[in-house]
Chemist: 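Could you have a look at this structure, given as structure tokens, before my questions?
To find a chain, count down the sequence lines: A is the first, B the second, and so on, and within it residues start at 1.
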There are 2 protein chains.
Amino acid sequence: MNLPALCEAFVLHFGEMGSRWGINRTVGQIYAVLFIAERPLCADDIVERLGLSRSNVSMGLKELQSWNLLRRRPMPGDRREFFAAPDDIYAIVRTLVDERKKREIDPTLSVLRELLMRTPVTPEERHAQSRLKDMHELIELLTGWYAEVQKLETERLIQLLSLGSKVAKVLDIKDHLFALPGGKAKSKAAANSPGA
Amino acid sequence: MNLPALCEAFVLHFGEMGSRWGINRTVGQIYAVLFIAERPLCADDIVERLGLSRSNVSMGLKELQSWNLLRRRPMPGDRREFFAAPDDIYAIVRTLVDERKKREIDPTLSVLRELLMRTPVTPEERHAQSRLKDMHELIELLTGWYAEVQKLETERLIQLLSLGSKVAKVLDIKDHLFALPGGKAKSKAAANSPGA
DNA sequence: CCGAATTTTCGGATATTTCTGAAATCAAGG
DNA sequence: CCTTGATTTCAGAAATATCCGAAAATTCGG
């Protein structure tokens, strides 16, 4: 691996991590190299740095492109294709989450919905369906939240994340400020939470 | 596969999904079966339902236990070990996230920290370090947020998730209510160094 | 302690994934 | 069009991961 020690260590770790996610080691390494590179790289640059076969790099780049994780950066006077990782790391994470959602969560949701439509025959199936319903509701809740949060600009998002659970406190304040008449009936949901 | 059609469809899909995460297909299927089962199951029950070898199931269960995803449910008068997935699906997700964090994020953080301590020699290394710093900060932000949110009870969490980005609106209100003098200067500083 | 029931370990068979080099395809300049 | 350089495809080799059955270890009731 033809890289300074610092870079090599990062690339190796990142490849290893990648292999624990659906991404394979090589693709992870390729992305790591692009992520820390000072300038856009072409396939040959990557071959040189990682010592992989040319075709393997080509496959890896194709895979990364299919995840929308690369920016094409044509270099004037050079016919080869150059790529770079987006500068904005938040953009990278957003893309990553979007793609995983599209590939894994969405198909799961549609399977769950389909299974929930079926009429259970045995008690066993009835019980299975009720579990599936729980799962479906949870996923809907999470994806709904994510869709909302995805809309925020990065600045706002950081602000929100920094707050952490303190947001819950803000909610308390809001609850008090806008306490509604008939609050008792309304606060049925809150009945279980001692925080009320 | 010795299961009602509904269950089989779910188990197959779940196994497939599992294989896209670090979990292997079989382990995914085993968990799916346990997740929708009406009662705790022993290894033989699983062998019967999935048609796997006894030893493979044993491995799978061991793996799932190492993820803290199973509850042991001893059956009086039966020497075999019975397992069930937790009833509370929120608990399952929390455990899953915790474990992935422990296995993937935490080691990454410590690698990043180590690399950021080193003194860069070349400009190339200097640039790599600045990228690594960005990544480190982002991960810290996310894990910090998660640690906070993890503390909330499920009720509260649901409430918060349901709000989605509307929370940002609540923040606006808060900002207006407690508008600080010199707010402009302050918000600039906050953007660069959240820890200040 | 012994022995039956159960679980785990482990070597190697099987299946899957990854990787390569050669050949095919593509694209731009002459 | 043809040449040259770049990229992609593809079939099989190499490397990994998964899975099984047999044997070893463990556990618990006598």
Chemist: Check this for me, if you would: do B:Arg39 and B:Asp45 make a salt bridge, where the nitrogen-to-carboxylate-oxygen distance has to be below 4.0 angstrom?
Modeler: yes

Chemist: Quick one, which residues of residues 58-85 of chain A touch DNA chain C with a heavy atom under 4.0 Å?
Modeler: A:Arg79

Chemist: How would you label the contact of A:Asn56 with the nucleic acid (heavy atoms, under 4.0 Å): base, sugar-phosphate, or nothing?
Modeler: base

Chemist: Distance-only criterion, 3.5 Å: show the donor-acceptor pairs between side-chain atoms of residues 139-146 of chain B and protein atoms not counting sequence neighbours.
Modeler:
residue, atom, partner, partner atom, Å
B:Glu140, OE2, B:Arg113, NH1, 3.0
B:Glu140, OE2, B:His136, NE2, 3.4
B:Thr143, OG1, B:Ile139, O, 2.9
B:Thr143, OG1, B:Glu140, O, 3.2
B:Tyr146, OH, B:Asp98, OD1, 2.8
B:Tyr146, OH, B:Gln150, NE2, 2.7

Chemist: Who are the side-chain contact (heavy atoms from CB on, under 4.5 Å) partners of B:Ser58, not counting sequence neighbours?
Modeler: B:Arg54

Chemist: Any side-chain heavy atom of B:Leu64 sitting closer than 4.5 Å to one from B:Ile23?
Modeler: no

Chemist: Could I get the full list of side chain to side chain donor-acceptor pair (under 3.5 Å) partners for B:Lys62, not counting sequence neighbours?
Modeler: none

Chemist: I'd like to check the side-chain contact (heavy atoms from CB on, under 4.5 Å) partners of B:Ser53; sequence neighbours left out, ordered by chain and number.
Modeler: B:Ser55, B:Asn56

Chemist: Which residues satisfy the salt bridge (charged side-chain N to carboxylate O under 4.0 Å, His left out) test with B:Arg103, sequence neighbours excluded?
Modeler: B:Glu99

Chemist: For residues 21-31 of chain B, which residue pairs pass the salt bridge (charged side-chain N to carboxylate O under 4.0 Å, His left out) check, not counting sequence neighbours?
Modeler: B:Glu16-B:Arg25

Chemist: Got a sec, which pairs hit side-chain hydrogen bond (donor to acceptor under 3.5 Å, both in side chains) with one end in residues 115-127 of chain B, sequence neighbours left out?
Modeler: B:Glu114-B:Arg118

Chemist: Tell me which donor-acceptor pairs under 3.5 Å the side chains of residues 74-81 of chain B have, and how far apart each pair is, sequence neighbours excluded?
Modeler:
residue, atom, partner, partner atom, Å
B:Asp78, OD1, B:Arg80, N, 2.9
B:Asp78, OD1, B:Arg80, NE, 3.1
B:Asp78, OD2, B:Arg80, NE, 3.4
B:Asp78, OD2, B:Arg80, NH2, 2.8
B:Glu81, OE2, B:Arg72, NE, 3.2

Chemist: Is the shortest side-chain N to carboxylate O distance from A:Glu148 to A:Lys151 below 4.0 Å?
Modeler: yes

Chemist: So which one's nearest nucleotide on DNA chain C is more toward 5', B:Asp44 or A:Ser53?
Modeler: B:Asp44

Chemist: Along DNA chain D, 5' to 3', what are the outermost nucleotides having an atom less than 4.0 Å from a heavy atom of chain A?
Modeler: D:dT4 to D:dC10

Chemist: Side chain of B:Gln29, backbone of B:Leu50: donor and acceptor closer than 3.5 Å?
Modeler: no

Chemist: Any residue in residues 25-43 of chain B with a heavy atom nearer than 4.0 angstrom to DNA chain C? Just list them by number, or reply none.
Modeler: none

Chemist: Do A:Arg20 side-chain atoms and B:Glu104 backbone N/O form a donor-acceptor pair below 3.5 Å?
Modeler: no

Chemist: Nucleotide range of DNA chain C contacted by chain B, 5' to 3', under 4.0 Å to a heavy atom?
Modeler: C:dA4 to C:dC10

